[in-house]
Every structure is written in structure tokens, then in C-alpha cells.
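Reviewing the structure listed below.
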2 protein chains.
Amino acid sequence: MNSNIATIITTCHTCQLSDLCLPYGLNVNEIESLEHIIRNKRPLQAKQLLYSKGDECKSLYVVKSGGFRSFLINAEGSEQTINFYLPGELMGLDALFSGSFCSSIDALVTSAVCELPLNRLNELCDKIPNLQHQMTRVLSKEISHNHDQLVLFGNNSAKIKLASFLLILSKRYELLGCSSTEFNLTMRRHDIANFLSLSDETVSRQFTALSKDKIISVNQRAIKILDLDLLKSIVEHSEEEDSLFFNKRASKAM
Amino acid sequence: MNSNIATIITTCHTCQLSDLCLPYGLNVNEIESLEHIIRNKRPLQAKQLLYSKGDECKSLYVVKSGGFRSFLINAEGSEQTINFYLPGELMGLDALFSGSFCSSIDALVTSAVCELPLNRLNELCDKIPNLQHQMTRVLSKEISHNHDQLVLFGNNSAKIKLASFLLILSKRYELLGCSSTEFNLTMRRHDIANFLSLSDETVSRQFTALSKDKIISVNQRAIKILDLDLLKSIVEHSEEEDSLFFNKRASKAM
DNA sequence: CGACTCTTTGACTGCATTCAAGCTCCGTGG
DNA sequence: CCACGGAGCTTGAATGCAGTCAAAGAGTCG
């Protein structure tokens, strides 16, 4: 059937994403070894689960196209979105510790992944030091990315949260070679709200507020950033305006 | 001077923390190799910096005693606390990606660390596959720990945040072989507030609220958990009570 | 076309922040 | 030894931002 398509897709050295992905820093032979262990799952439809929390982790996954979200379900049964994944990003890294997935992941839109069987990946890491180092780098990157996210949540105001969110997305799209000022959101308002710990209505209100100020234009999931500097200034000057020299609570100790 | 003390301290196989630390899963010879690369820095006083964001990462550090906090300074100059570190926990993992530290760390109280020079640690990882795997596990653990933290922040209510914070601390102290119901906070109220993205006053109010309900007793930084189940129920039943059919308001702790 | 999901908008309530003042603890120096 | 001062913590009162509830608009699909 379309097995030839799968073959094409699994070729790292013709993949536009390879610089953002595991092959980064590997030589031609090493990339070829990596290619041989990659399997392709059939594309996932929106809302379809890639894996569930608690499942044994037999593979890691790289986003090939589309987008995903990871989430946890807390004691009351409500979801908390942990992260969004764009093409080139590795999913499942939190499972390496315990051997089973610590969160669930589903597709936001129709999406494709590269599957990396863990046993073969580990074998390869033992053989190719560069790959092992790249794995370590990817893990470390995920940690520092999570830290940035925690800082984002430290800014309590809904306006700042949404502005930060858009700026982060803008950067990630730029890295992918897409436009940094014009892109389509892969996620629904509800997903954004849940991710930012806001209500759906608040997210909606902030979108319209940013529109009215001509900072962005919104049409459904299509976003245009009209004034990048103004968007940045929302995040940066959050507290300066009102209190420059007077009691700034949090920032006493250098 | 006290170089003999330093020698004693750097012996992993006599260290109570070794099961929580890098030596976990290593055999006697491997632990000995690891011991040889460990250096000891002199103890740090409260508020003293271990490293600053942007510094080149030449070493990783393990908390030997005391406690630390990592933090970032955002555009306005105010701090955001990212994480607290208790004995046995590895600091600096977010630097492996870029080679320089992505956050700053200072001591909360007088504290000691084991220093692991990165170049020697990497050499050792290449030689000892078990150590490399353990490093990967520690990195992965940090990621899933960060995810739990993000979920914590998803629960907006100040009461739930503080209850979760205390429960997480309780578990970590238990792992260290300390009492899970009676411990001293290493951090000030301000640090907790900053970490939980709350104001100092709100944290204080929630402490007194928990005291009045006889769930905990507070004396300065000394905490006793009087009713662990009730504390857990605050986190778990956060939304069940109210959104069944009525507005909550009337229903208290039943 | 109707049923559905997703999104927007409005009105109201409440929780956490903010501002302000008083308290406790602790080290320092008279 | 007590007085003093400062840092950290607690408490009170008022404001405002975001959540909740409710309903209607917009887009999608069978």
C-alpha cells in the first residue's frame, strides 16, 4: 500500500526537522543507524491517544507533523495540560525514570510521529557516544524548558500569561522555519486555558483585548502578531509602570 | 585544618544518602571510582550563591546537608523561585544542554554540597554504563517532578497549593529517613509564597487557617502535621464538594 | 438543515492581592 | 542585662481581577 511513503518519511537525512531532532550532531553513518530503528505509526486523529499514563514505555516518539498535548488527570478527574509538542520535539522523556509513562498524550489535530523503540535506542546509545550525549542534551533542554514554563505561571495576570504563551509559540515556529508572526494554533481555546490555568472565558477575553489594542489579529485559530514589540512589552513591563522606585515587594535581595 | 573532615564526607559508601543519589545501582568498584572525582566546597551560608545564571557549568552539585533554592530573575527584576533542593538531590541538570547554568541557586540555610566536575563525570559515564543510565534516570526524574509541580500550580486555590506543598515536602523528608509529620522548613514564608506564586500574606493566612482547623501546628519554621488524611483530602476533594449540585459556601470540612 | 462543539460576551460574586499596621524573634551594642 | 533595630511573620480592611453562571453567536459535520 503506502509502505513506500513510510520509507520516505523515516529518512532522517532528508527530513527538514533533523537539526531540531535527535540526529543533530551525528555523522552520516550514525544517522543511518538511527534511521534503521525508527518505526512509523499510522497517523493519529485529533483527540486520539498516543499513550496513557501508566502504560509501559516501550518507545519514545518524535512529532513528525501536527501537534500533541500531554496531560494528567488529578484526583477529581479533571485534566491538567502539561505541555504542547510541535514537530521535532521528543515525547515520553519523563518515562525513562520509572519505565512507564508519567502522563498521557493525545493529538490536537491529525498528526504523525516517528517511533523510537526504547530497547534499540538504548543499544544504539551504548554504541554511539554522540547519540548518548544528544539524548542527555535533549533531556536537559526539556528541564530548562519546564523551568521557563514555571516562570510563566509565576506571572499571575491573565494578560501576561497569554502574551508569554504567544511569544513562546512564535519562537518555536520560527525555529521550525515557519513565520514567527503568522501561524495557526493547533490547540483549542480550552487547551490554552487549561495549560495556563485560566478559565476558557478569560482566555477568550484576553484574545479580544489584544485584538482591540491592535497587538494581534485573531481569526479562529489563525493568529497574526501585528506588533511584536508591544506584545513583548506586556510581558516585560508588567510591574514597572506603577512602581519604579517604590516598594517592589519581590525584588529586595538582588 | 579540617581536610580530614572533607575526606570523610566524600565517602559515598558511608553516606546515608547514597541510595537517593547517583551511586544508586552501582557496584562497589564503580562507587569508588565516583568517589574519586568528588570535590568538596566549603559550606555555604544562608543566601550565599552556589552559582548564577549564565555561569559556565563546570560541575554538578549534590546537596549534602541543608537546603537550596533555584530561581530566575525576570525582566522586571523580580525573582521567581523555581525549585527547592533537599539532601541527596542533584543541582545543575538544566545546564547540560547549553553548557551554562539556566538558573541561579542560593543556600536557604547553612549548607554543604558534593561537587562533581563535569569533565570527569562525563569520562566516568563513558566508562561505566550503569552510571550513564543512572544519570538518564535522574534527568528523567527531574522532568516528571517538574510536571507534578505544574499540576500543583494548576490548582489555583491558595489552600490547595499550600496543602500540596506540605504533602510533597512530607514525602521527601520521609524518603530521607526523617519524620514525615514533623519537620523544619528550610525556607522562609517569602520563599514559599514566591515558589507557589502567592503573596506572603496569603501564605501566612493559609498557615493560620490550617492551624485553626487542627490540621497542622506551626511554630516558626517548625511544622507538625496533625491530621495527614485531612490534609490529603484538601488536595483531593478540591472540586467535588462544590460543583455537585450546589454552590459550596455552606459545606465546610464535613 | 439541525445538532453539535467551540467561542464570545455579559453580569455578578468571591478570592487573592494590595496597602498598612502591629507583632515576634533575634542579634548587637550600650 | 535591657534597649534598640531590623527582618520576618501575622492580621485587618478595601480593591480588583479572574472565576462562575448563563446565553447567544460562529463554525462544522452528518
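Below, chain A is the first sequence line, B the second, and so on; all start at residue 1. Below, each value reflects all heavy atoms present in this structure, side chains not excepted, and no hydrogens, waters or symmetry copies.
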Residue pairs passing the salt bridge (Lys or Arg N to Asp or Glu O under 4.0 Å) test with at least one member in residues 160-175 of chain A, sequence neighbours excluded, are A:Glu89-A:Arg172

Checking A:Glu182 now: which residues fulfil side-chain contact (heavy atoms from CB on, under 4.5 Å) with it, not counting sequence neighbours?
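Per chain and number, A:Glu182 pairs via side-chain contact (heavy atoms from CB on, under 4.5 Å) with A:Ser179, A:Lys224.
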
Would you please name every residue forming a side-chain contact (heavy atoms from CB on, under 4.5 Å) with B:Ser204, sequence neighbours left out?
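With neighbours one apart ignored, the set is empty.
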
[X] [atom1] to [N] [atom2], straight-line distance once rounded to whole Å:
X	N	atom1	atom2	value
A:Asp191	C:dT5	CG	C1'	13 Å
A:Asn194	C:dT7	CG	C1'	16 Å
A:Phe153	C:dA16	CZ	C1'	18 Å
A:Leu198	C:dA16	CG	C1'	15 Å

[X]: partners by side-chain hydrogen bond (donor to acceptor under 3.5 Å, both in side chains), with sequence neighbours left out:
X	value
A:Gln80	none
A:Asn146	none
A:Ser70	none
B:Ser100	none

Helix axis bend for the helix from C:dC1-D:dG30 to C:dG30-D:dC1 - C1'-based end axes, five pairs, 10° rounding
30°

Readout for nucleotides 6-15 of chain D: B = base within 4.0 Å of protein heavy atom, S = sugar-phosphate only, - = neither; 5' to 3' it is --SSBBBB--

Could you tell me whether B:Ser197 contacts a base, only the sugar-phosphate backbone, or nothing, with contacts defined as non-hydrogen atoms closer than 4.0 Å?
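B:Ser197: backbone/sugar contact only, no base atoms under 4.0 Å.
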
B:Asp106/B:Arg69 ion pair, N-O < 4.0 Å:
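Salt bridge between B:Asp106 and B:Arg69, a charged N being under 4.0 Å from a carboxylate O: yes.
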
Between A:Asn219 and A:Gln206, name the one whose nearest nucleotide on DNA chain D is closer to the 5' end.
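So the residue in question is A:Gln206.
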
